[in-house]
Every structure is written in C-alpha cells, then in structure tokens.
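Here the structure comes first, spelled out in structure tokens, and everything after it is commentary.
All residue numbers in this chain count up from 1 along the given sequence. Any value given below was found using the heavy atoms of this structure, including those in side chains, with hydrogens, waters and symmetry copies removed.
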Amino acid sequence: MPKVEVGDDRVLKLSGDLLFSTVVTLRDELLQTIASQGQGTLILDMAGVQRVDSSALSLWLCCQRQAKSSGGEVTIRNLPSDMRSIADLVGLDDYLH
C-alpha cells in the first residue's frame, strides 16, 4: 500500500506502488497534505516508489493542480524511470521537469 510522509524542508516522501489499484487511496491524503502546506515549493520525493503505471502520472497532475490552487508548486525528486517513459509516450514529459 502506498503512503506519504511529510519530511523536513517541505519534502513529501512517497513509497510503495503507484498503480491503478492503489493510487486512489493515496490521492486524497496527498492532496490534503499539499493543501495544508500552503504557498511555496514542495518536493515530491519518489525514491521509495517501487512500481508505477499511468495512474502515477495522473496523481502527479492532480498534485500540480492542487499546489497551484493553493498558491504553490510541486517538483519531483527521484522520478521512477517507468513514470518518465509513460510521460514521454503520452507527450507530458515537460510537466515532470
């Protein structure tokens, strides 16, 4: 089961599998966490993520939208190579930088 931890220096650490079958439970928690952090830049650290599918990309876009509505932004650290490949395939690779 995926989880999110709030670390030091506005780092949100994700771990587990970000798959269609698991990402929905994480999404609500992650969006609430982003909203509670307010303005500024948050870092989404994906070092602990083992497997991803296209729903991980959808989760990323939801995080971006939530941060923007709160006056902030989210950047990614330790992007899984599979997620980059999916983004490249669907033409969204620019959104990951």
Side-chain angles (χ1 to χ4, degrees):
M1 195 58 117
K3 67 178 186 171
V4 60
E5 289 180 43
V6 179
D8 296 334
D9 299 326
R10 299 179 58 84
V11 175
L12 306 178
K13 299 177 182 180
L14 294 182
S15 60
D17 295 338
L18 299 180
L19 305 172
F20 182 76
S21 60
T22 62
V23 79
V24 173
T25 57
L26 178 69
R27 183 185 62 215
D28 293 337
E29 178 184 358
L30 186 55
L31 295 180
Q32 288 176 356
T33 302
I34 291 170
S36 72
Q37 296 294 311
Q39 296 181 341
T41 300
L42 294 170
I43 299 169
L44 194 61
D45 188 343
M46 301 183 89
V49 173
Q50 284 84 40
R51 297 184 311 155
V52 299
D53 63 15
S54 61
S55 61
L57 188 56
S58 174
L59 178 66
W60 165 248
L61 295 173
C62 288
C63 290
Q64 289 284 67
R65 191 170 36 252
Q66 179 63 51
K68 187 175 182 178
S69 73
S70 300
E73 66 177 330
V74 179
T75 62
I76 289 183
R77 179 174 21 185
N78 300 310
L79 180 68
S81 60
D82 288 347
M83 190 168 164
R84 182 177 306 279
S85 296
I86 294 167
D88 287 343
L89 182 67
V90 297
L92 294 175
D93 52 316
D94 289 341
Y95 289 98
L96 296 175
H97 303 290

What is the minimum heavy-atom distance between R84 and L79, and which atoms define it?
-> NH2-CD2, 3.3 Å
Can you measure from CD (E73) to OG1 (T41) and round to the nearest 0.5 angstrom?
-> 3.5 Å
Atom CG of L14 and atom CG of D45: how far apart are they, to the nearest 0.5 Å?
-> 8.0 Å
Interatomic distance, I34 atom CD1 to Q64 atom CD [nearest 0.5 angstrom] | 8.5 Å
CG of L57 to CG of D82, rounded to nearest 0.5 Å, is 12.5 Å
V11: which other cluster members, linking ILVMFWY side chains closer than 4.5 Å, directly or transitively?
-> I43
Of all pairs that satisfy salt bridge (charged side-chain N to carboxylate O under 4.0 Å, His left out), the ones with a partner from residues 19-37, not counting sequence neighbours = none
What pairs with R65 under salt bridge (Lys or Arg N to Asp or Glu O under 4.0 Å), at least two apart in sequence or on another chain?
-> none
When rounded to the nearest 0.5 angstrom, what is the spacing between OG in S55 and CE in M83?
-> 9.5 Å
Are V52 and V90 co-members of a hydrophobic cluster defined by side-chain heavy atoms under 4.5 Å apart?
-> yes
Measure the spacing between CD1 of I86 and OG of S58 and express it to the nearest 0.5 Å.
-> 11.5 Å
Say whether, by atom type as modelled, one donor and one acceptor occur between the side chain of T22 and the main chain of P2 under 3.5 angstrom.
-> no
Any chance you could lay out the side chain to side chain contact (heavy atoms under 4.5 Å, CB included) test for L42 and T33, step after step, and finish with the verdict?
-> CA-CA 10 Å; L42 294 170; T33 302; over 6 Å; no
Which heavy atom in F20 sits nearest to a heavy atom in D53, and how many Å separate them?
-> N-OD2, 2.9 Å
Tell me, please, which residues at least two apart from D88 pass side-chain hydrogen bond (donor to acceptor under 3.5 Å, both in side chains).
-> none
Indicate yes or no: at least one non-hydrogen side-chain atom of V74 is less than 4.5 angstrom from one of L12.
-> no
T25 meets the side-chain hydrogen bond (donor to acceptor under 3.5 Å, both in side chains) criterion, sequence neighbours left out, with none
Identify the heavy atoms of Q66 and A35 that sit nearest to each other, and give their distance.
-> NE2-CB, 3.3 Å
For the hydrophobic clusters of this structure (ILVMFWY residues joined by side-chain heavy atoms under 4.5 Å, transitively), does one cluster hold both V6 and L26?
-> yes
How would you list, by chain and number, every residue that makes a side-chain hydrogen bond (donor to acceptor under 3.5 Å, both in side chains) with Q37, sequence neighbours excluded?
-> none
Side chains of L61 and L92: does their closest heavy-atom pair fall under 4.5 Å?
-> yes
Does CZ in R51 sit with more than 12 non-hydrogen atoms of other residues, nucleotides or ligands closer than 6.0 Å?
-> no
